[in-house]
Protein chains: 2
Amino acid sequence: MGSSYYQFCPVAKAMELLDERWTMLIVRELVTGSQHFNELRRGVPRMSPTLLSKRLGQLVRAGIADRHDDDGDVRYTLTSAGRDLQPVVEALGVWGTRWIGEIGDEDLDPKLLLWDIHRNIDHDAVPVGRTTIHFDFPGTPAHSRHWWLVIAAGQADVCDADPGFPVTITITAALRYMVRVWRGDLDWRTALRSGDVTITGPEELRRSVPQWFTLSVFAPVARPVPSASRRDGQITS
Amino acid sequence: MGSSYYQFCPVAKAMELLDERWTMLIVRELVTGSQHFNELRRGVPRMSPTLLSKRLGQLVRAGIADRHDDDGDVRYTLTSAGRDLQPVVEALGVWGTRWIGEIGDEDLDPKLLLWDIHRNIDHDAVPVGRTTIHFDFPGTPAHSRHWWLVIAAGQADVCDADPGFPVTITITAALRYMVRVWRGDLDWRTALRSGDVTITGPEELRRSVPQWFTLSVFAPVARPVPSASRRDGQITS
DNA sequence: CAGTATCCCTTATGATACTG
DNA sequence: CAGTATCATAAGGGATACTG
């Protein structure tokens with residue numbers, strides 16, 4: 001539920017609804033456009049379905065989301081109040097981008113990365129016809145090392161098994177580097193020049209590959225100047 | 001600690017640090033300028049000192065706050081990362097102001113209201129010399145019905161007992177209405193005209209009283225148009 | 001697809017009292 | 001002033017299996 005702070009301050013009233021674990025991530029997913037239960041789940045894979053269900057119920061009761069059941073086709077959408085949370089999500093993302101650059105190994109989830117990437121393909125930049133991109137993350141455990149992105153007809157599908165189509169382009173990179181590129185911590189040019197990310201395939205395509213992907217919306221956020229001494233860090237206690 | 005979401009998304013990384021109960025309220029207090037432990041406590045009176053202490057430690061470890069101990073004089077201040085949270089606090093406050101207009105009786109804490117008001121006196125608007133404002137909240141339990149604000153020499157003090165000075169002005173209102181004025185849900189003019197708030201004292205002063213107070217920073221926030229049907233509400237489950 | 005049903009268990013938090 | 005110490009309770013949340 002999010003128990004009360006017993007304050008009339010609007011920040012407190014807002015946090016009563018929003019400060020529970022996972023809640024803002026679900027709002028983020030809804031802002032991003034996910035609507036179906038299992039679609040939402042993919043954005044918060046470590047959350048149990050029970051808890052997701054509970055949180056969605058809370059968001060509906062709070063007037064932030066609506067549940068539409070059109071004959072078995074259930075969708076969750078944001079209400080106007082929910083849509084108005086976008087600035088909050090953005091402010092959080094900007095802050096997180098600026099001040100939490102250190103990502104732990106446990107945070108590097110390839111499935112989540114592919115899920116993000118597939119939602120942000122620039123279909124106008126990708127060649128017409130079917131394009132199959134093979135991602136190879138050396139250093140990542142075998143079962144999640146290889147991924148395929150099949151792009152066709154303005155649609156993109158993620159596969160964790162070889163779909164069998166001829167591979168157009170292969171992108172090879174330690175998962176961490178690919179994530180850094182996605183987040184905008186590292187730009188394509190630098191990553192490619194240093195060899196931390198490698199693109200394999202026909203010369204004439206290779207150059208345009210970076211344009212196929214629209215990176216994280218937070219990628220363009222200006223990083224703080226690395227001042228004299230700063231302590232970064234997660235809360236560890 | 002705020003356990004991990006195991007996501008590289010900056011929103012998730014930010015919420016790992018910020019989504020624990022009370023944390024954003026402490027950040028709000030720090031943004032507002034409170035520094036001393038007991039000063040911070042006044043802003044979060046329902047929080048136990050143990051928990052406040054713990055949260056402050058977490059904020060320090062997270063690089064959001066600094067603890068300065070100058071010879072026993074302990075102060076907490078925001079780091080540059082912490083100061084950069086102001087947009088987040090503001091976005092939350094704006095959202096809360098727009099979408100959570102229904103304040104429960106339990107949220108109407110007169111002490112908190114006076115504490116807020118006293119921090120936001122427009123000393124240039126208040127008469128020179130000593131000004132004593134008596135707040136009377138009929139309907140509020142006897143022990144917290146009467147409050148005094150003593151303003152002098154650019155300083156304001158809150159008293160829950162009669163300080164004995166001659167009262168310059170008395171403001172009488174149900175606590176709820178005074179809170180609504182403070183939050184900007186109700187403007188002075190309307191409140192005075194309807195009689196929900198009454199100002200007693202010398203005619204020439206009465207008119208200027210509203211100018212003495214700078215209301216909540218969120219008071220000017222535009223409220224959403226009250227559309228056809230909307231369900232407001234707290235999470236109640 | 002869209003959730004429920006259980007079960008367990010840590011831990012977060014509230015309340016209160018005390019200290020250098 | 002600036003916290004610690006202690007304690008007990010509730011509940012929040014993780015894991016897993018199951019259902020119409």
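Just the heavy atoms: all of them, side chains too, but no hydrogens, waters or symmetry mates, feed the values below. Order of the sequence lines sets the chain letters (A, B, ...), proteins ahead of strands, with each chain counted from 1.
Evaluation of the side chain to side chain donor-acceptor pair (under 3.5 Å) rule for D70(B) yields no partner, not counting sequence neighbours. Residues satisfying the salt bridge (Lys or Arg N to Asp or Glu O under 4.0 Å) criterion with R176(A), sequence neighbours excluded, are D105(A). For H143(B), there are no side chain to side chain donor-acceptor pair (under 3.5 Å) partners two or more places apart in sequence or in a different chain. Listed by chain and residue number, nothing satisfies the side-chain contact (heavy atoms from CB on, under 4.5 Å) test with P87(B) (two or more places apart in sequence, or in another chain). Partners of S53(B) according to the side-chain contact (heavy atoms from CB on, under 4.5 Å) rule, which considers only residues two or more places apart in sequence or in another chain, are F37(B). Residues forming a side-chain contact (heavy atoms from CB on, under 4.5 Å) with D69(B) (at least two apart in sequence, or on another chain): R67(B), V74(B). Judged as a side-chain contact (heavy atoms from CB on, under 4.5 Å), and not counting sequence neighbours, the contacts of E39(B) are S34(B), Q35(B), H36(B), R42(B), W115(B).
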Reading DNA chain C 5' to 3', what string of ( ), [ ], | and . shows its pairs, if Watson-Crick and G-U wobble pairs count only when both distances fall under 3.5 Å?
||||||||||||||||||||
Could you go through residues 146-163 of chain B and list every donor-acceptor pair under 3.5 Å that involves a side-chain atom there, pairing it with any protein atom two or more places apart or in another chain?
from: H146(B); atom 1: ND1; to: H134(B); atom 2: NE2; distance (Å): 2.9
from: W147(B); atom 1: NE1; to: S144(B); atom 2: O; distance (Å): 2.7
from: D162(B); atom 1: OD1; to: G164(B); atom 2: N; distance (Å): 2.7

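Taking atom CZ on R67(B) and atom P on dC1(D), their separation rounds to 15 Å, with Å as the unit. Atom-to-atom, CD of E20(B) to C1' of dT13(C) comes out at 11 Å; the value is rounded to the nearest Å. What separates CG of D73(A) from P of dG20(D) is a distance of 21 Å, to the nearest Å. Rounded to whole Å, atom P of dA5(D) lies 15 Å from atom CG of L51(B). For Q58(A) and dA11(D), the CD to P distance is 13 Å, given to the nearest whole Å. Atom CH2 in W22(B) sits about 10 Å away from atom C1' in dG14(C), given to the nearest Å. Atom-to-atom, NE2 of H68(A) to P of dG3(C) comes out at 12 Å; the value is rounded to the nearest Å. As a whole-Å value, the separation of D69(A) CG from dC1(C) C1' is 11 Å.
For dG3(C), the OP1/OP2 oxygens have a side-chain nitrogen or oxygen of Y76(A) closer than 4.0 Å. S53(B) has a side-chain polar atom (N or O) that falls below the 4.0 Å cut-off from OP1 or OP2 of dT4(D). Considering only side-chain N and O atoms, R55(A) lies nowhere under 4.0 angstrom from the phosphate OP1 or OP2 of dG12(D). Distances shorter than 4.0 Å separate some side-chain N or O of K54(A) from OP1 or OP2 on dG12(D). Contact annotation: Y6(B) does not reach the phosphate of dG14(D) (side-chain N/O to OP1 or OP2, under 4.0 Å).
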Pairwise N/O distances under 3.5 Å, protein to nucleotides 6-10 of chain C:
none

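When each of S48(B) and R21(A) is assigned the nucleotide of DNA chain D with its nearest heavy atom, S48(B) is the one assigned upstream, toward the 5' end.
Contact annotation for R75(B): no contact, since no heavy-atom pair falls under 4.0 Å across all strands.
No side-chain N or O of R61(A) forms a donor-acceptor pair with one of Q58(A) less than 3.5 Å apart.
Sorted by first and then second residue, the pairs that involve residues 80-96 of chain A and meet salt bridge (charged side-chain N to carboxylate O under 4.0 Å, His left out), not counting sequence neighbours, are D84(A)-R98(B).
For the pair R130(A) and F165(A), the distance from NZ or CZ to the six-membered ring centre is under 6.0 Å and the angle to the ring normal is within 45 degrees.
Two residues are said to be in side-chain contact when any heavy atoms from C-beta on lie closer than 4.5 Å; L113(A) and F137(A) meet this criterion.
Of the residues in residues 26-47 of chain B, not one comes within less than 4.0 Å of DNA chain C through any heavy atom.
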